[in-house]
Each structure stands twice: as structure tokens, then as C-alpha cells.
Amino acid sequence: MAHDIALQGVRLLLFYAREAARRGDYEYARRLVEHAWRIVEKLDVPTPRSLRRGVCERCGVPLIPGVTARFRLEPRGRRGSRLSVTCLICGWVWRLPYGVSKGEGGPQEAEGDRAAGAGGRDHREERAE
């Protein structure tokens with residue numbers, strides 16, 4: 001129950017931090033993000049994705065598209081397709097790969113899965129019958 005309350009507090013702090021950043025009060029937004037990180041560290045709760053990916057690693061300001069951050073999709077190149085996030089406050093750039101790599105196909109069936117399921121018959125064969 002304490003984890004749920006802590007996560008609610010973190011989400012609320014991040015909401016207020018985004019609102020402060022939209023108003024242009026970046027110092028207050030930074031302090032709110034710092035408080036959210038302290039709650040996560042002290043209570044050992046799982047870090048919400050919005051705190052991990054929604055905050056600049058260098059300056060600590062929430063990343064808001066068009067306000068504090070620029071998001072660009074870089075097409076497939078030498079290093080593959082990626083999302084480039086640039087903080088408009090400090091200039092920090094974060095590049096995240098996206099899409100499927102060349103070597104990966106779809107989900108593949110493990111060797112033991114077929115023998116374990118439905119008497120060794122394929123589910124597609126059952127539907128056709």
C-alpha cells in the first residue's frame with residue numbers, strides 16, 4: 001500500500017513539474033523532479049517510465065514536445081532508425097533505437113512448445129477442421 005501511495009505522489013509531482021515547465025518556471029520544475037526521484041529512491045518503488053524517459057538527464061527539466069524538447073525520427077541509416085530527443089534548455093541529445101532490427105523476425109516458436117500443446121497438433125490445423 002505504501003508503494004501505491006508513493007507512486008501516486010511521484011505522478012502528482014511530475015504533473016506539477018510539467019505544468020511549471022509549461023509556464024517557464026524551470027527551476028521549480030527541477031526541484032519537483034528531484035523530490036520525485038528522492039521518493040523513488042527512499043521507498044524503493046519501481047521507477048515510473050515517465051520519470052525515466054520524460055526528464056532530461058543533464059538538467060532535470062521535464063521533456064515536453066515543443067516546449068522543452070524537440071523529438072525527431074531519424075530514418076534508417078548506418079546505425080538503424082532512431083528517435084532523437086533534444087532538450088531545448090541545455091542541449092542534451094538522447095537517441096533511442098526504434099523498429100525491428102534486421103536480424104529479428106517475428107516471435108518464434110520454441111522447440112518444446114509444439115510438443116507440449118494440444119497433443120502435438122498445431123492450433124491452426126484444429127481451426128481448419
Side-chain angles (χ1 to χ4, degrees):
M1 186 146 159
H3 288 339
D4 293 335
I5 294 171
L7 287 175
Q8 288 176 12
V10 167
R11 287 187 189 112
L12 194 60
L13 284 169
L14 289 175
F15 173 78
Y16 288 131
R18 284 189 205 105
E19 292 300 315
R22 281 189 183 97
R23 287 191 316 264
D25 193 358
Y26 302 124
E27 194 56 42
Y28 183 59
R30 273 189 201 105
R31 287 200 327 253
L32 291 172
V33 169
E34 285 176 18
H35 286 301
W37 273 114
R38 282 191 203 135
I39 290 172
V40 166
E41 290 172 357
K42 279 193 174 196
L43 296 178
D44 195 31
V45 293
T47 309
R49 182 173 280 178
S50 57
L51 185 57
R52 284 183 283 142
R53 292 193 175 179
V55 175
C56 176
E57 287 184 11
R58 188 188 296 168
C59 67
V61 172
L63 298 171
I64 303 167
V67 179
T68 61
R70 178 176 56 234
F71 290 77
R72 297 284 187 255
L73 293 175
E74 297 176 359
R76 186 177 286 283
R78 209 177 67 200
R79 296 183 181 199
S81 302
R82 56 192 180 173
L83 169 69
S84 177
V85 181
T86 305
C87 177
L88 299 176
I89 307 302
C90 68
W92 173 74
V93 179
W94 187 21
R95 292 179 182 91
L96 295 163
Y98 73 91
V100 179
S101 320
K102 284 183 181 179
E104 297 178 4
Q108 294 181 0
E109 187 176 30
E111 287 181 33
D113 288 350
R114 224 174 146 186
R121 293 181 6 199
D122 192 6
H123 294 287
R124 289 171 279 185
E125 293 173 7
E126 289 179 6
R127 290 185 197 137
E129 293 176 350

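Residue indices begin at 1 and follow the sequence shown.
When all heavy atoms of Val10 and Pro48 are compared, the closest pair comes out as CG1-CG, 3.9 Å. Taking every heavy atom of both residues into account, Leu43 and Ala6 meet most closely at CD1-CB, 3.4 Å. The minimum heavy-atom distance between Tyr98 and Leu83, with the atom names listed, is CD2-N, 3.6 Å. Contact detail for Ala21 and Val67: the closest heavy-atom pair is O-CG1, 4.0 Å. Minimum interatomic distance between Thr68 and Ile64 (heavy atoms only, all atoms of both residues): OG1-N, 2.8 Å. The two residues Tyr16 and Leu32 have their closest heavy-atom pair at C-CD1, 3.6 Å.
Two residues are said to be in side-chain contact when any heavy atoms from C-beta on lie closer than 4.5 Å; Pro62 and Val33 meet this criterion. Phe71 has its side chain out of reach of Thr86: every pair of non-hydrogen atoms, C-beta onward, lies at least 4.5 Å apart. Looking only at side-chain heavy atoms (C-beta outward), Leu13 and Ile39 come within less than 4.5 Å of each other. Proximity of Arg18 to Ser50: side-chain heavy atoms (C-beta onward) are separated by under 4.5 Å at one or more points.
Hydrophobic clustering, with ILVMFWY side chains joined whenever heavy atoms are under 4.5 angstrom apart, keeps Leu96 apart from Val55. Hydrophobic clustering (ILVMFWY, side-chain heavy atoms < 4.5 Å, transitive): Leu7 and Ile5 are in distinct clusters. The cluster map of Ile, Leu, Val, Met, Phe, Trp and Tyr, joined by side-chain heavy atoms under 4.5 Å apart, puts Trp37 and Leu12 in the same cluster.
Within 6.0 Å of CZ on Arg49 lie no more than 12 heavy atoms contributed by other residues, nucleotides or ligands. The number of heavy-atom neighbours closer than 6.0 Å to OH of Tyr26, taken from other residues, nucleotides and ligands shown, is above 12.
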(request) Starting from the C-alpha separation in whole Å, work towards a yes-or-no answer on side-chain contact (heavy atoms from CB on, under 4.5 Å) for Trp92 and Leu63. (result) CA-CA 11 Å; Trp92 173 74; Leu63 298 171; 4.3 Å; yes
(request) Tell me, with the steps shown, if Ser84 and Val93 meet side-chain contact (heavy atoms from CB on, under 4.5 Å). (result) CA-CA 7 Å; Ser84 177; Val93 179; 3.8 Å; yes
(message) Walk me through whether Glu34 and Arg31 qualify under salt bridge (Lys or Arg N to Asp or Glu O under 4.0 Å).
(response) CA-CA 5 Å; Glu34 285 176 18; Arg31 287 200 327 253; over 6 Å; no
(request) Show your reasoning for whether side-chain contact (heavy atoms from CB on, under 4.5 Å) applies to Cys59 and Arg30. (result) CA-CA 8 Å; Cys59 67; Arg30 273 189 201 105; 4.0 Å; yes
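Distance check, rounded to the nearest 0.5 Å: CG of Leu51 to CZ of Arg11 gives 11.0 Å. Note that CG of Leu88 is 10.0 Å distant from SG of Cys56, once rounded to the nearest 0.5 Å.
A salt bridge does not link Arg38 to Glu41: none of the charged side-chain nitrogens sits closer than 4.0 Å to a carboxylate oxygen.
Between the side chain of Arg58 and the backbone N or O of Cys90 there is at least one donor-acceptor pair closer than 3.5 Å.
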